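Written out below as structure tokens is the structure these notes cover.
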There are 2 protein chains.
Amino acid sequence: MRKIDPEVHAEKRRQILDAASICFAEKGFEATRTADICQKAGISSGKLFHYFKSKRDVFAAIFAQGKSEDTARLNEASRAPTTVAALVGFFEEALSHQGNPVLAGLLFEAIAFARRDAEFAQALERDELHTRDQLVALVETAIAKGEVAPGTDPLQAADWLMGLHDLTILRAVWDRKQAPGTDRSMIETLVRSILSASQRQPGTSGENS
Amino acid sequence: MRKIDPEVHAEKRRQILDAASICFAEKGFEATRTADICQKAGISSGKLFHYFKSKRDVFAAIFAQGKSEDTARLNEASRAPTTVAALVGFFEEALSHQGNPVLAGLLFEAIAFARRDAEFAQALERDELHTRDQLVALVETAIAKGEVAPGTDPLQAADWLMGLHDLTILRAVWDRKQAPGTDRSMIETLVRSILSASQRQPGTSGENS
DNA sequence: GTCTATATAGCGATAGAC
DNA sequence: GTCTATCGCTATATAGAC
């Protein structure tokens, strides 16, 4: 005989967010109508605006539910015996996300939305910087272990590794033409190339902020 | 005493498209108001709809004005003495586009729009396939010249090279964190890595489609 | 707490004067 | 050919019944 079960409330919220995720991933923020979300969630308009104060609020809530699994996976990698191999594994994992159109679509639309909403952009960037810092730490570990050359610039390596990560996931959004068979070995080659090419160069500006 | 100068007409069209390009690149298709375009172009609403039948029409016209300069640049590359070096040069050129927010933004919004408009998506894909075919031909030339290994799969290499190209331009859209000093050498390393890693593998499925 | 009905506002596109 | 005024529509968000 409880008054308002907080679990029921959270569950309902999640249910709405799941429906909204699919809509936003497919059609983007502005093209998605709140009516679309309500229909997919099987609720009425009034209910949606009871749980969320605006459409923007729904969108933001999808991404606010915390740290992505990337964080956990990269933490695992930091404890692996061979750091570089664990790093390669992390990127190969990203390949499997390619098959998930909702996840890839959401990531794309998040970037699109961030271009128009400064507050959201800031939150997104905070997450990205966190991931980058984890990568920097991993590269430093690999250097300490002697797995990669001592002159490697961890920041530059991390930047390009993040680029590779984005590319791997996002290409699924606008292009399905990748040969799936040989991708894993290509990913491994590229990860290792980025690591070995990120040399701190004495003449050039290896350090900038 | 000419009736309607076709050049004046074309010039006016271009003027509208230039203004529209900036708006679309900044805010995307749906968030851009026709009023925004009119204001930026210094015209009235009636005029816009005299030259274009709809907002979608304006957007499509921006990209319909033909083959990108990429086509011409890749054609040049096919006549260069060292094919691989020319290829590297093509990708280094893409780095300079990074500084052009309108170009990068337009490319991003084109992809976003293509996700919702099948006809536009088809046109965009046609252009992409053309670029990819050019890259395939270049890789084949390089193989014939003995610049890259004979067992290289031109299609796989071209796919990943296009990915690198997209990444180079699009990262400017959501991320400004790349270390500019050492990018050129990184690009070269990655181009060469992709070429050498695209080996037709006997066991795995090197050919699909 | 939930749903139905609707207020409000802003957009794309047009009609018609000049 | 161009501009002004405005129509018709659709979408978000709310108010009030149950």
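Here is the naming used below: chain letters follow the sequence lines, and residue numbers restart at 1 for every chain. In this text the structure is predicted, and so the values were computed from the model without any measurement.
A:Phe52 places its CZ atom 15 Å from the P atom of D:dT12, with the value rounded to the nearest Å. We find that NZ of B:Lys55 is positioned 8 Å from C1' of C:dG12, with the value rounded to whole Å. Rounded to an integer number of Å, the gap from A:Lys12 NZ to C:dG1 C1' is 11 Å. The distance between atom CZ of B:Arg56 and atom C1' of C:dC11, rounded to the nearest whole Å, is 19 Å.
With values rounded to the nearest 0.5 angstrom, A:Ile169 atom CD1 is found 9.5 Å from A:Asn100 atom CG. For the atom pair CG (A:Asp153) and CD1 (A:Ile143), the distance works out to 8.5 Å, reported to the nearest 0.5 Å. Of the inter-residue distances, the one linking B:Leu161 atom CG with B:Arg132 atom CZ reads 12.0 Å to the nearest 0.5 angstrom. Distance check, rounded to the nearest 0.5 Å: CZ of B:Arg200 to CG of B:Leu155 gives 9.5 Å.
The existence of a salt bridge linking B:Arg192 and B:Glu188 is confirmed by a sub-4.0 Å separation between a basic side-chain nitrogen and an acidic carboxylate oxygen. Taking the charged nitrogens against the carboxylate oxygens, A:Glu109 and B:Arg116 do have a contact shorter than 4.0 Å, which makes a salt bridge.
The stretch residues 33-49 of chain B touches DNA chain D through B:Ser44, B:Gly46, B:Lys47, each having a heavy atom under 4.0 angstrom from the strand. Listed by residue number, there are no residues of residues 18-30 of chain A with a heavy-atom contact under 4.0 Å to DNA chain D.
Phosphate proximity of D:dG1 to B:Tyr51: absent, as no side-chain N or O sits under 4.0 Å from OP1 or OP2.
Side-chain atoms of A:His50 lie closest to C:dT2 of the nucleotides C:dG12, D:dA13, C:dT2.
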Derivation of the salt bridge (Lys or Arg N to Asp or Glu O under 4.0 Å) call for B:Arg14 and B:Asp18: CA-CA 6 Å; B:Arg14 241 184 48 78; B:Asp18 283 348; 3.7 Å; yes
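When the side chain to side chain contact (heavy atoms under 4.5 Å, CB included) test is applied to A:Asp117, the partners found at least two apart in sequence or on another chain are A:Arg56, A:Phe113, A:Glu119, A:Phe120.
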